[in-house]
Structures are given as C-alpha cells and as structure tokens.
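I have placed the structure first, in the form of structure tokens, so that the comments after it can refer back to it.
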Amino acid sequence: MGDLTEQTATDVVLEELTRGGSPRMKEIMTSLITHLHGFVREVELTEQEWMEGIRFLEETGEKIPGEFILLSDNLGVSVLLDLMNHRKPKGATENNMQGPFHQEGSPERAMSSRIFEDDDADPLFWSGQVRAPDGTPIAGALLDIWQTASNANYQLVDDRQPEHNFRGKYRSGADGRYAFETVCPVSYPIPTVGSVGKLLKAIGRPEIRPAHVHFKVSADGFEPLTTMIFTKGDPHLGKDPVFGVRESLIIDVAKHDTDEGDRKAPFYTAEFDFVMEPAA
Ligand code: BEZ
Ligand code: FE
C-alpha cells in the first residue's frame, strides 16, 4: 500500500480492489469509488456535509419500507435503469417503471367490464389493441391494469376503498382488442412523509406525478411489457418527480357531452394500442 495523501487517496483505495472477488464486482466497485471520490473532490465536501448525507441515508433506511426505491426514482436512477434494460425496437411500445403500487393477485375481469367497485366520477371507456410489430393482432394477451381512484389514492394504501378497487386483469380478444371501464386517472403526490420528501423540499422539486394508468402486458412469444399511459393536458406532465413521462405514452382523452347508446353523458373515451416486442 503506497503512502496516502490527498492526491493519491483514490489510487491507493482502488489498488486494494485487486485482492479478490469477481471481475464484475471489481468493475462496479472501481467505478463507484472513482465517482464517489470525484464527487467529494469536486464539491470540496466538508465533514459536516458528509455526516448530514450519512444521517439522511440512515433515516431513509429506518422507518418507511420502499424509501430507498423512492430515492432511486427521484434521482432518476430507476428510469435510467429501466431505459437501459428494456431497449425496445422502433415501433414497439416503450417500457416504464412499475412503481410501488402494483399488487399481485388482481382479479380477472370480463372484457369491457368496470375495473372498480366504487367511485362516483364520470366513466372513462378505455380500449385498444395488442399487436405484434408487423400489425398482427395478439389474441389472449393478459393486461394487468392499476390506477388511482378519483380521490388520488391507490387502493393499496387507502383503507376506504374496497378490495381490488381500480385493479384488474383483462384478456385481449381474437382481434387483439381489449376494453375496460374506468374513471379518468388523476395526478397525485408521491409519498413525502419520509426522508425523500424532505430532500424534494430542500431542493425545490415538485412532488406531484401527472395522471396515468399502469399496465403490465404479457403474451406468449413476446417480451413482457410494463408501462404507464399519461393523459394529454395534465399540467404536471413536464415535471414528473420520477421522470416517467415519454411522448409516445401520452394519449388524448375525449369528453362526450351527449348520450351515445347506453353511454350516458358526460363520459370520456380513450384509446391506446400496445405493440409488443417479440421474445429474444
Ligand atoms: C407510480 O406511478 O405509481 C410511482 C412510481 C414511482 C414512484 C412513486 C409512484
Ligand atoms: Fe402510479
């Protein structure tokens, strides 16, 4: 081990990584230490600031489950990982983060049926098609869908909502089409009761996510797709705290002010087609 000075500190620490462990671990730790030392040098970090950072991380791990993931989301790491790990061919629907509110075991619901048990908002009739990149409809695709109620809460964290409210699984028909009845998704704040909330406040970042509906779509012979669809006109679209918004995932929601068949006005309609990536 060489004599350690401010100038040689990084090299001395990196040299220690030659002692063992897997090549991949060595690659990751070398980069992590190089960037961490670079950061400390670049901002001339004080000991007091470092201790504040450590206390922040301790608090992040202490009380609220999922707070570290929320930190990753808010630092844009989750979205970067998602983009790097789900590169899609041109024309295929873009992937997106799952977020913390998905639940296993949502009920299978019939085509066109309601995804909710309880909500007073005007109905939104949502439909579309699941297809391959060459346009072939995909029959029997499974769409696992979840969103907030019109009170801006997911059922998972809202005791006032009945079980399974605003979550359900639908299957595409022989023509690849799927449909369900919901209400317009609304914007909602990410959880801010923990350390991440304090950090957002400290750096003046917004906490409201633009309205969206989450989907996990799976079909034999295709890569599973997790994504979320946003609605045009939402004032929060340009400042999503977790960086999920993509142009290709924003759709129009049309308002209808006159009755159409058994659809009583006012009601809304929306369309989104999923283009699945063939399995590798
Ligand atoms: C969500 O869309 O459900 C979500 C994603 C990341 C952080 C918080 C919420
Ligand atoms: Fe969400």
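Sequence positions, counted from 1, serve as the residue numbers for this chain. Each ligand, and each atom within it, is numbered from 1 in the order the structure gives.
Taking every non-hydrogen atom of His214 and a distance limit under 4.0 Å, the qualifying atoms of ligand 1 come out as 1 (C), 2 (O), 3 (O). Against a heavy-atom cut-off of under 4.0 Å, Val242 is close to the following atoms of ligand 1: 6 (C), 7 (C). Each of the following atoms of ligand 1 lies closer than 4.0 Å to a heavy atom of Ile190: 8 (C). Annotation for ligand 1: atoms under 4.0 Å from non-hydrogen atoms of Phe101 are 3 (O), 9 (C).
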Under the ring pair (Phe, Tyr, Trp, His ring centres under 6.0 Å) rule, what do Tyr178 and Tyr170 come out as? Steps first, then yes or no, please.
CA-CA 7 Å; Tyr178 73 95; Tyr170 293 80; 8.1 Å; no
Run the side chain to side chain donor-acceptor pair (under 3.5 Å) check on Asp118 and Asn165 step by step: do they pass?
CA-CA 7 Å; Asp118 182 32; Asn165 212 32; 5.4 Å; no
Check against side chain to side chain donor-acceptor pair (under 3.5 Å), Thr269 and Arg263:
CA-CA 11 Å; Thr269 54; Arg263 293 181 178 179; 5.9 Å; no
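Salt bridge annotation for Arg24-Glu27: present, with a cationic side-chain nitrogen under 4.0 angstrom from a carboxylate oxygen. Electrostatic pairing of Lys198 and Glu52 does not count as a salt bridge here, judged by no charged N lying under 4.0 Å from a carboxylate O.
Ranking the protein heavy atoms by distance from atom 4 (C) of ligand 1 puts Pro100 CD, 3.5 Å first. Counting only heavy atoms of the protein, atom 6 (C) of ligand 1 lies nearest to Asp73 OD2, 3.4 Å. With hydrogens left out, the protein atom closest to atom 5 (C) of ligand 1 is Gly99 CA, 3.6 Å, a heavy atom.
Screening Asp234, Thr148, Asp240 against Arg209 for a side-chain hydrogen bond (donor to acceptor under 3.5 Å, both in side chains) leaves a single residue, Asp240.
Of all non-hydrogen atoms in Ala270 and Ile251, the two that sit nearest each other are CB-CD1, 3.7 Å. Listed here is the closest heavy atom pair of Val79 and Arg246: CG2-NH2, 2.8 Å.
Only the side chain of Arg209 comes within 4.0 Å of ligand 1, judged by heavy-atom distances. Only the side chain of Tyr188 comes within 4.0 Å of ligand 1, judged by heavy-atom distances.
Every residue meeting the ring pair (Phe, Tyr, Trp, His ring centres under 6.0 Å) condition with Phe101, not counting sequence neighbours, appears here in chain and number order: Tyr154.
For the ligand labelled ligand 1, residue His102 lies outside the 4.0 Å heavy-atom shell.
Distances from the Fe ion (ligand 2) under 2.8 Å pick out these protein N/O/S atoms: Tyr154 OH, Tyr188 OH, His212 NE2, His214 NE2.
Side-chain rings of His102 and Phe215 stay apart, their centers remaining 6.0 Å or farther from each other.
With hydrogens and angles ignored, the 3.5 Å screen pairs a side-chain donor or acceptor of Glu223 with a backbone N or O of Ala280.
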